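Naming convention: chains lettered A, B, ... in sequence-line order (proteins, then strands); numbering from 1 in each chain. In this text, all values refer to a predicted model and were calculated from it rather than measured experimentally.
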2 protein chains.
Amino acid sequence: MATILDVARAAGVSASSVSNFLNDRLSKMTPATRERIEAAIGQLNYRPSQVALQLKTGKTATIGLLVPAVANPFFGAIAMAIQRAAQARGYQVILCNTFRDPQREREFAADLMALGVRGIITGSSLLNPEHLSELASRGLTVVAFEGDAAAAAPGIHVVSVDNVMVTTLAVDHLVALGHRRITYVTGPAQTAARVARLKGFRAATERHGLGDEARIHEISLPQNQYGDDMIAELGVDAALALAKTSPRPTALIAMNDLLAIGLAAGLREHGIVIPDDIAMVGIDDLFLARLMNPPMTSLRQPLSAMAEAAVDCLVADGTEAAPATSLIFAPELIVRQSTARTAG
Amino acid sequence: MATILDVARAAGVSASSVSNFLNDRLSKMTPATRERIEAAIGQLNYRPSQVALQLKTGKTATIGLLVPAVANPFFGAIAMAIQRAAQARGYQVILCNTFRDPQREREFAADLMALGVRGIITGSSLLNPEHLSELASRGLTVVAFEGDAAAAAPGIHVVSVDNVMVTTLAVDHLVALGHRRITYVTGPAQTAARVARLKGFRAATERHGLGDEARIHEISLPQNQYGDDMIAELGVDAALALAKTSPRPTALIAMNDLLAIGLAAGLREHGIVIPDDIAMVGIDDLFLARLMNPPMTSLRQPLSAMAEAAVDCLVADGTEAAPATSLIFAPELIVRQSTARTAG
DNA sequence: AGCCTCAGGTATATCGTTGCACTAAGGATA
DNA sequence: TATCCTTAGTGCAACGATATACCTGAGGCT
C-alpha cells in the first residue's frame, strides 16, 4: 500500500500538500502542482489509510449494526437497507448478531467503541434498554431501529415504523371485510415492537367493539432462545391449537411474516384453507409474503427510507449533544389473497 | 474513552508497562504492579484503541464480507455463519452487498483495503474472477466461499461445498426412487457454483443412462439484475412452462431453494401436486425448506464448518505467501416429503 | 571493593495522516 | 527602497498504541 509520503515523493511535493489536495484545499496550490499530485495518486493507486485518518481525526466512517440474527430474512432485509444507505454516505457497516442477548450486546458495543465507530444502529431493542442508555451516556450515538419513542431510553434516537398503526391497519382491514372473531398471534412481550403491536391490536379491536371476539394467542419461545429462525416452526404448532379453538377465529393477524408462514403451513396440515376458512394478515411484508400460497396480505415497513434516516442520525451528529430524535414511519397495507374473501 | 496514558497515570506506571501488561509480558513486572494496572483498567473501563493498535502493528482484527445481497436468506445464513466464526476468533466483519456487480466488488475491495482488513471473503464468485485475482496480487488475502478449485483464480483460497456432488446426490436420490424424467432448473451459468452443479447433473444423469429424459431448463434473469430476491418469482413463471411440457418430468431439481420455493408456488397454481405428480429437490437447505408444504428435500451445506474454515484461512495467514488452499466440503442430503413417493 | 547479572521497569521512535504555524518569493504600495 | 500582503507551499506536533533499546538498583560472586 502506497502512503501519502510515497505520493509526495512521486509528485515532488511535501506530504502536507498532498494532504491539502486530498482535503480540497485547492486554493493552496497551483493547477500544475495539483495535476502532478493527481497523477502521482493515480499512478500509485493511492488510497488514504482510513486507519491513520481515523486515529488523527477521531472520526470513523464506520457504523455498527446490531441485529438478533441476519439469517432471519427480516433482519437480512434491514441489514441490506442499512448497508446501502451507509454506503451512499461513504460509511462501512460492521455486522453483529446479538441473539437478543443483552450481555452479548454490551460486549459488541464495547468492541465497536474500541473500533471507534461513529455510532451504532440496533435492529431490535429489548424492552429494557438500559444497557443501551449506558452506551449513549458513554458518548456513543445509538439509534434504535425498532420500538416507539415511549420505550426509548434517554440519549437514544429512535427510527421505527409506527407499530401501533401496524396492527390498527390490520384490524381495520379485517373488520372492513366483515371479520369479528380476530385473533392476534404473538410471541412474549419481550421487545418494544411486540408491545406496541399488541397495544394497537387491543385499542383497535376495542374501538370496533369486538369485545371478547378479539383474542390474543401468545406462543411461548423457549427460554434463552433468540428464536428468530424457529418462530416459523412455533407457528406450525400454534396453528394446531388455533384449529381446535371453538368458535374458531375467522381471521388471524401474525406478529410477523415468519410466524405467519409457520401458521399457514400448520393450518394447511389441518385442512384449513386460507382465505376461505380463515383470513391471515402478516407483518413486515417480507419478499416471501407474495410467494406464499395464497400470497399473503401484509404490512410493509418503508425500510429504505427508515435506513436512510437511521444512518443520517449518526452521520449528521456533528453537533455535540444532538437531542435524541424520534422518527416514526407509517406502514403500508399490502392486500393480497390471504384476505381475499369477506367474512361469514 | 480512556487511553493507555490515563491508565498509566492511574496506576502510577509508564505507558510501556501497561503495554507490557496488555501483551502478556507479565514477567516484566511484580505482581503488585500488575494488580495496580489491572485495577486501573477496570476502574477506567479501558479498552485499547483498535485503531491505534492497527496503525502501529499493521494488523487488523477485521475482515470484509462480500455477498450479492444479505436480504437473500441464503446469504443471510452465510453472513451469520461467517460473523459467528469471526467473532469466536476475535474478528469483526464488515458487510458489503455487491449485487453481483464486478465494478462494485472492486470498489468495495479498495475501500476494505484502505480500512486495512485482514482479508476478504466473497460469498459468490462470478465466473470470471480476474478482478479477485487482481486483489490477491495486491496483497489482499481472498477467500471464495463458493465455486470449486478449478474455477479459482491464482492467489485465491477456496472454501466451498462440493457443487458437483450436490447435484450428483440429488440425481442419485431421485433415480433410486425410480425417477427417470428429471429436469434441472437453473439460472444462467454465471457463477462457478451454477456451472459445477450443472456439470454434476449432466454427469450423473449420463451415468444412470437417462439419455434425453434428463433435461435442463434454464430460466433467464433480467439483464444487469442480481436477481437474488426475484429468483423465486422467476420460479413461478418457470413452473408454467414446465407444467406444459409433454411428457412432463416426474422430478425437478432446482438450482437452489429460493428457486424451488417459486417453482412449488407455480406448480400449485397449476394444480400439480408435490410429491404425487412431481417430486422436487432443492439445494442449500434453507430453514424455509422444512417449512414448505410439503417440506422439501434439499442438500445441506455445512455452513458453520465452512465459515470457520474460511475465517481460519484469513486469520492463520501469518506466513507470508501461504499457498492458495482449496477446501471442499461434502453436502448432505436431507430427505423430506417433497420426494416421498416413488416414481411411476 | 569491584564487577556482573538480572529483574523491573522507562524513554523514545514509529505507524500514516492532519492542520496549524510558519516561510520564501514575488508584487503592490507608500 | 523599505514595508506589507499574498501565494504556494513546507515543518512539525500530535492521535494511541507498540517494542526496541536503554536505564537503575539490588544482590551475588570473586
Side-chain angles (χ1 to χ4, degrees), chain A residues 1-38 40-41 44-62 90 110-118 139, chain B residues 1-38 40-41 44-62 90 110-118 139:
Chain A
M1 289 282 285
T3 77
I4 202 173
L5 262 172
D6 298 327
V7 174
R9 268 190 291 269
V13 294
S14 73
S16 303
S17 288
V18 181
S19 174
N20 285 336
F21 171 83
L22 292 172
N23 293 279
D24 287 324
R25 282 183 284 269
L26 298 177
S27 62
K28 289 281 215 166
M29 68 199 75
T30 57
T33 318
R34 190 196 120 151
E35 273 162 32
R36 289 212 317 283
I37 295 176
E38 238 163 358
I41 286 176
L44 296 170
N45 219 315
Y46 168 75
R47 287 247 173 168
S49 153
Q50 292 300 309
V51 178
L53 209 156
Q54 192 178 143
L55 179 58
K56 187 65 181 116
T57 64
K59 300 270 170 205
T60 345
T62 305
D111 289 350
L112 291 173
M113 278 192 88
L115 263 171
V117 297
R118 188 64 157 265
Chain B
M1 288 283 286
T3 78
I4 202 173
L5 262 172
D6 299 328
V7 174
R9 268 190 291 268
V13 295
S14 73
S16 304
S17 289
V18 180
S19 174
N20 284 335
F21 171 82
L22 292 172
N23 293 278
D24 288 325
R25 282 184 283 269
L26 298 177
S27 62
K28 288 281 215 168
M29 68 198 74
T30 57
T33 320
R34 190 196 120 151
E35 272 162 34
R36 288 212 317 283
I37 296 176
E38 237 164 0
I41 287 176
L44 296 170
N45 219 315
Y46 168 75
R47 285 247 173 167
S49 154
Q50 291 302 308
V51 178
L53 209 156
Q54 190 178 148
L55 178 59
K56 188 65 179 104
T57 65
K59 300 272 170 203
T60 345
T62 305
D111 288 350
L112 291 172
M113 277 191 88
L115 263 170
V117 297
R118 188 63 156 266

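Here the CE-CG distance, from A:M1 to A:L44, works out to 11.5 Å after rounding to the nearest 0.5 Å. Atom CG of A:L26 sits about 9.0 Å away from atom CD1 of A:I37, to the nearest 0.5 Å. Atoms CD and OG1, from A:E35 and A:T30 in turn, are 9.0 Å apart once rounded to the nearest 0.5 Å. Rounding to the nearest 0.5 Å places CZ of A:F21 at 7.5 Å from CE of A:M29. Distance check: B:R34 CZ to B:S17 OG gives 14.0 Å after rounding to the nearest 0.5 Å.
In this structure, B:A52 and B:R34 both approach DNA chain C, and ranking their closest nucleotides by distance from the 5' end singles out B:R34.
The shortest distance between side-chain heavy atoms of A:T62 and A:Q50 does not fall below 4.5 Å. The closest side-chain heavy-atom distance from A:P48 to A:Y46 is below 4.5 Å. Using a 4.5 Å heavy-atom cutoff, the side chains of B:V51 and B:Q54 are not in contact. Looking at heavy atoms from C-beta onward, A:L22 lies in side-chain contact with A:I41 at the 4.5 angstrom threshold.
Remark: P of D:dC15 and CD of B:Q54 are 19 Å apart, rounded to the nearest angstrom. Taking atom NZ on B:K28 and atom P on D:dA21, their separation rounds to 11 Å, with Å as the unit. A straight line from CG of B:L55 to P of D:dA14 spans 17 Å, rounded to a whole angstrom. When the C1' atom of D:dC12 is taken as reference, atom CD1 of A:I4 falls 14 Å away, rounded to whole Å. A straight line from CE of B:M1 to P of D:dC15 spans 15 Å, rounded to a whole angstrom.
Taking side-chain N and O atoms only, B:T57 has no distance below 4.0 Å to OP1 or OP2 of D:dA17. The shortest distance between the side-chain N/O atoms of B:R25 and the OP1/OP2 oxygens of D:dA19 is below 4.0 Å.
For the contact set between residues 6-21 of chain A and DNA chain C, defined by any heavy atom under 4.0 Å, the members are A:S16, A:S19.
Contact footprint of chain B on DNA chain C: nucleotides with an atom under 4.0 Å from a non-hydrogen protein atom, first to last in 5' to 3' order, C:dG8 to C:dG16.
The A:K56 side chain lies nearest to D:dA14 when the options are D:dA19, D:dA14, D:dG9.
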